[in-house]
Undergrad: 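Dumping the structure here so I can ask a few things about it.
What's counted below: heavy atoms across the whole structure, side chains too, no hydrogens, waters or symmetry copies. Each chain gets a letter, A, B and so on, in the order the sequences are listed, and its residues count up from 1.
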Protein chains: 2
Amino acid sequence: MKDVAARAGVGLKTVSRVVNGEPGVTPETERRVQEAIDALGFRRNDSARVLRKGRTASIGLVLEDLADPFYGPLSRSVEEVARAHGALLINGSSAEDPEREQELVLALCARRVDGLVVIPAGDDHRYLEPELKAGVATVFVDRPAGHIDADVVLSDNYGGARGGVAHLIAHGHRRIGFIGDMPRIHTAAERLRGYRAAMEDAGIPVAGSWMSLGVTDPERVRRAAEEMLTGPDPVTAVFAGNNRVTVTVIRVLAEQARRVALVGFDDIELADLLQPGVTVVAQDAADIGRTAAERLFRQLDGTLATPERIELPTRLITRGSGEIPPAD
Amino acid sequence: MKDVAARAGVGLKTVSRVVNGEPGVTPETERRVQEAIDALGFRRNDSARVLRKGRTASIGLVLEDLADPFYGPLSRSVEEVARAHGALLINGSSAEDPEREQELVLALCARRVDGLVVIPAGDDHRYLEPELKAGVATVFVDRPAGHIDADVVLSDNYGGARGGVAHLIAHGHRRIGFIGDMPRIHTAAERLRGYRAAMEDAGIPVAGSWMSLGVTDPERVRRAAEEMLTGPDPVTAVFAGNNRVTVTVIRVLAEQARRVALVGFDDIELADLLQPGVTVVAQDAADIGRTAAERLFRQLDGTLATPERIELPTRLITRGSGEIPPAD
DNA sequence: CTGAAAGCGCTTACAG
DNA sequence: CTGAAAGCGCTTACAG
């Protein structure tokens, strides 16, 4: 900028005015400055700008795994809202590791992002207290924050799961299995609660062997599904706790002779083209992301007062697998 | 930082030393400083740090659409490499719009990212010349840069498509359709070239009605597929130019009485569970991202000399749909 | 082991 | 319409 000013024979402030399109520069001066900018290949250094202005026009998004089909659309919709507000998006995956989440979040804070959208991996977010006090806007998504009062946007996990299981019961099932993620994960716990509620509503006692919670890698899920299907008290239907689980359960069911009903939480691509089509409890990832990001920018506008908990509805989509009657 | 120094009764430089874990501070002094840091909730401002140090420890990734299942794993692997080098990832979607690509790239340059991984939407990247001269490391991915000499990592689109079409020919097909993305997109053009080559290798003249290039939204693709399948010279097999096309073609074929063979470019989740399983030419998105990011950091290390073009192989995965014989 | 001064590249508040 | 001075929060190069 100094070089540009020297070459154009003007003061620093005049260059600043031209670069930022501020008024109060004669066309002739502006031309000279512009010419110098082009000749020198000058580009304003936003880091320096940020240092003076306070805001960085960037927000951070910490999620579990960018490669998961649920988070792609979510990221994209957060990005679109950020873009509408002139902000860039810094993205990071926690890989479901609380330490990595904290490391990422604090790195983002050190970069002085204006706001933070966090899909929590950990369950204690007190480490964020000083940052919140310092004015970093924050919205938690998909799972609530731990030990801290903050905005949170989530799906109706309890209601969705309860409805999905009730659907299976309505089609005549009583022995229904539940395979979900680790119980420390809020969504998994809530969906399990929904499962239990639906069973209780129907007066069906639940056998311990019908519930399996744990990591959602294919091996664990496969084992859990096989045990439920072939044990002494085999289930006639399975409720899958998320998209990763559903995919593996579909694989297992495809190998079974007996037809077993299935309802999965989360929609999956091509679910309608499988034989049978896969009935799911769908959440709208893009809508969740949009809602969270809009709330974040409203915090930054100062138009938001107290933290709120926003619960978005889910939608049961019947495609065949959830309407299969019990085999026996 | 000034406040911390005042509270601890030390100089600025000493605080800096403690914050950065530099040697040359007595344990007692360090304790006092640390205490002041905690009490004040101090966090180093990386923007200011960047201003002095030169490097921002962040890289930018501009892709087409974060919500596309091909780009999720790619982003994630770029992120992992960045993380290994202590850098954060700023992510942006161009939505296949050259202007938006340029806008994003230049915004990233103004933030002084150390490097840039770009999946180009446009075909002229001369606007990047001043930045490259200024030392921004850059790697193009999936499609080459336009009018500029830069590193590029791509799949063997030509060879992959040629192999996929040859596979259909080997199974007895002669009337084979090709449905792809807009011809100005490099990957689409290369895959079409591969299709033509395979047909020519087999001495099969290609009818104009067998090729359809354009946007890959479901409506256009559906129309194209239906025309090829029901026209005066109907095809017995379809080669789908990318994952978006494949999904729609599968839908159309499911509605047809006649069994039509299909090979798609890009693997898709659950492809093995459809009836029939979908034969694809797979590219490894994670590997592409990793290769590009590693090259980027080697540029930053200075261990890289001249720009190179790296072509990654594709893999034909047979699952049934590509092995269906011609209907007539 | 410790700290005062200068400077990174901008903007703010002010004066001319 | 234009510009000189001060300062954003840090690090560098140096001296003690």
Undergrad: Is the number of heavy atoms from other residues, nucleotides or ligands under 6.0 Å of Asp97(B) CG greater than 12?
TA: yes
Undergrad: Going 5' to 3' on DNA chain D, which nucleotide is the first and which the last to come under 4.0 Å of a heavy atom in chain A?
TA: dC1(D) to dG9(D)
Undergrad: In residues 5-30 of chain B, which ones come under 4.0 Å of DNA chain D, going by heavy atoms?
TA: Lys13(B), Ser16(B), Asn20(B)
Undergrad: Closest heavy-atom contact between Ala293(A) and Val78(A)?
TA: CB-CA, 4.1 Å
Undergrad: Does Ser47(A) reach the main-chain N or O of Val50(B) with its side chain, forming a donor-acceptor pair under 3.5 Å?
TA: no
Undergrad: Has Ser58(B) got a side-chain atom pairing as donor or acceptor with Leu89(B)'s backbone, closer than 3.5 angstrom?
TA: no
Undergrad: Please check this pair: side chain of Asp123(A) against backbone of Gly146(A), looking for a donor-acceptor N/O pair closer than 3.5 Å.
TA: no
Undergrad: Please check: side-chain N/O of Glu79(A) versus main-chain N/O of Ser93(B), any donor-acceptor pairing under 3.5 Å?
TA: yes
Undergrad: Strictly by ring-ring contact (aromatic ring centres under 6.0 Å, His included), give each pair with a member in residues 130-151 of chain A just once, sequence neighbours left out.
TA: His125(A)-Phe140(A)
Undergrad: What residues, two or more places apart in sequence or in another chain, satisfy ring pair (Phe, Tyr, Trp, His ring centres under 6.0 Å) together with His85(B)?
TA: Phe297(B)
Undergrad: Using a 3.5 Å cut-off on both pairing distances, which stems of three or more Watson-Crick or G-U pairs include DNA chain D?
TA: C:1-3 with D:14-16, C:5-12 with D:5-12, C:14-16 with D:1-3
Undergrad: Looking only at atom types and distance, does a side-chain atom of Thr56(A) sit under 3.5 Å from a main-chain N or O of Arg112(A), one as donor and one as acceptor?
TA: yes
Undergrad: Can you list every ring-ring contact (aromatic ring centres under 6.0 Å, His included) pair that touches residues 21-72 of chain A, not counting sequence neighbours?
TA: none
